[in-house]
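Right, one structure below, let's go through it.
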Amino acid sequence: MAAADSNGEQLTIGVLALQGDFEAHARTLRGLGARAVEVRTPADMEELDAVVIPGGESTTIGKLIASAELEPALRAHHEAGRPILGTCAGMIVCDAEHLGFIDATARRNAFGRQLQSFEADIEIEGAGDEPLRAVFIRAPWVERHGPGVEVIASYEGHPVAVREGAVLACAFHPELADDPRLHALFMAMTTGARERAREEAET
Ligand code: GLN
């Protein structure tokens, strides 16, 4: 089962709850069997297997991360190899010009400010053969990325979902579509990271 590792333990996944649609992420994760906790303070980051940085407005989220003094805890989480999912504004927050969790640069409102929102069926590597309905809301795309970054989905030739190590970032809102496969992929990454950490602790 995706939600548990080989020891059958439930995954605990934090969702940054400073701004944006964190509740929909938490609901999707719970639907897949994870324990989802809202993160507002550094203490909330303790004991997390993974963390989600939801969409919203990237400048505001960046300021709220700073004022909540969450940046050191997020950096420690990243350095420990624990997975991070950044969606839409969360992708921007993770990029090389912000927290630097992924060697990629996102271009804000890349599809045009006028085009507020649209949906498209996109294929995501590692999330099954069926295309996934992706909801884009003033979405970024990945303008540049380093060689260590794997593009797992593109739309109109632009990367819209990328992965580097334990960091997964997507330009759309997977929590708004009635399809949990991107969260399931993230939970599989989290199970893998937890097993690796356990193996390292044992050797
Ligand atoms: N346009 C927003 C930004 O640049 C992102 C929008 C979103 O997260 N839906 O921060």
Side-chain angles (χ1 to χ4, degrees), residues 13-29 36-40 44 50-68 70-71 74-75 77-78 83-122 124 127 131-145 149 151-164 167-186:
I13 304 188
V15 183
L16 218 63
L18 302 173
Q19 194 223 17
D21 54 350
F22 50 86
E23 282 166 350
H25 277 288
R27 255 196 312 278
T28 306
L29 293 165
V37 298
E38 294 181 1
V39 172
R40 293 189 179 83
D44 297 333
V51 73
V52 178
I53 306 180
E57 209 281 321
S58 53
T59 310
T60 306
I61 295 173
K63 284 182 187 155
L64 292 171
I65 287 173
S67 61
L70 274 165
E71 191 172 323
L74 285 166
R75 288 200 182 284
H77 178 99
H78 178 241
I84 299 173
L85 168 64
T87 64
C88 201
M91 170 193 248
I92 300 168
V93 169
C94 288
D95 87 353
E97 289 176 7
H98 297 86
L99 292 178
F101 292 161
I102 192 156
D103 182 18
T105 308
R107 186 214 249 198
R108 292 184 67 182
N109 303 310
F111 293 96
R113 269 184 182 279
Q114 301 310 318
L115 194 58
Q116 294 278 311
S117 156
F118 63 95
E119 294 185 15
D121 290 323
I122 59 170
I124 300 183
L132 183 130
R133 191 88 183 143
V135 180
F136 292 84
I137 304 171
R138 293 186 298 285
W141 68 47
V142 173
E143 189 117 275
R144 174 213 67 83
H145 63 84
V149 174
V151 175
I152 63 165
S154 295
Y155 179 67
E156 291 185 342
H158 302 286
V160 291
V162 290
R163 181 179 169 176
E164 184 178 30
V167 183
L168 181 63
C170 68
F172 49 89
H173 285 262
E175 77 286 6
L176 297 182
D178 201 17
D179 186 334
R181 281 180 291 155
L182 195 103
H183 288 85
L185 174 66
F186 182 60

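When a ligand or atom number is given, it counts from 1 through the structure's own listing order.
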Open item on the list: For atom 9 (N) of ligand 1, what is the closest protein heavy atom, and at what distance to 0.1 Å?
Closed with: His173 NE2, 2.8 Å
Task: Short side-chain donor-acceptor distance under 3.5 Å, His158 and Glu156 - done: no
- [ ] Would you check whether Ile137 has a nitrogen or oxygen atom less than 3.5 angstrom from a nitrogen or oxygen atom of ligand 1?
- [x] yes
Open item on the list: Regarding ligand 1, does Asn109 bring an N or O atom to under 3.5 Å of one of the ligand's N or O atoms?
Closed with: yes
- [ ] Check whether any N or O atom of Arg108, backbone or side chain, sits under 3.5 Å from an N or O atom of ligand 1, and answer yes or no.
- [x] yes
Task: Gly56, Ser58, Pro140: member with heavy atom nearest to atom 5 (C) of ligand 1 - done: Gly56
Task: Main-chain N/O of Cys88 paired to Arg138 side chain as donor or acceptor, under 3.5 Å - done: no
Task: Closest approach of Ile61 to Leu18 (non-hydrogen atoms, all atoms of both residues) - done: O-CD1, 4.5 Å
- [ ] Kindly say whether Pro83 contributes a backbone atom to a donor-acceptor pair with the side chain of His77 at under 3.5 angstrom?
- [x] yes
Open item on the list: Does the plane of the ring in Phe118 sit parallel, tilted or perpendicular to the ring in Phe136? Use 30° and 60° as the thresholds.
Closed with: parallel
Task: Ala89-ligand 1 polar pair, N/O distance under 3.5 Å - done: yes
TODO: Identify which one of His173, His25, His183 satisfies the side chain to side chain donor-acceptor pair (under 3.5 Å) criterion when paired with Thr87.
DONE: His25
TODO: List every atom of ligand 1 that sits less than 4.0 Å from any heavy atom of Ile92, numbering the atoms from 1 in the order shown and giving each element.
DONE: 3 (C), 4 (O), 10 (O)
Open item on the list: Check this for me, if you would: do Glu71 and Arg75 make a salt bridge, where the nitrogen-to-carboxylate-oxygen distance has to be below 4.0 angstrom?
Closed with: yes
- [ ] Could you tell me which atoms of ligand 1, counted from 1 in the order shown, lie closer than 4.0 angstrom to a heavy atom of Gly55?
- [x] 8 (O)
Task: atom 7 (C) of ligand 1 - nearest protein heavy atom and its distance - done: Cys88 SG, 2.7 Å
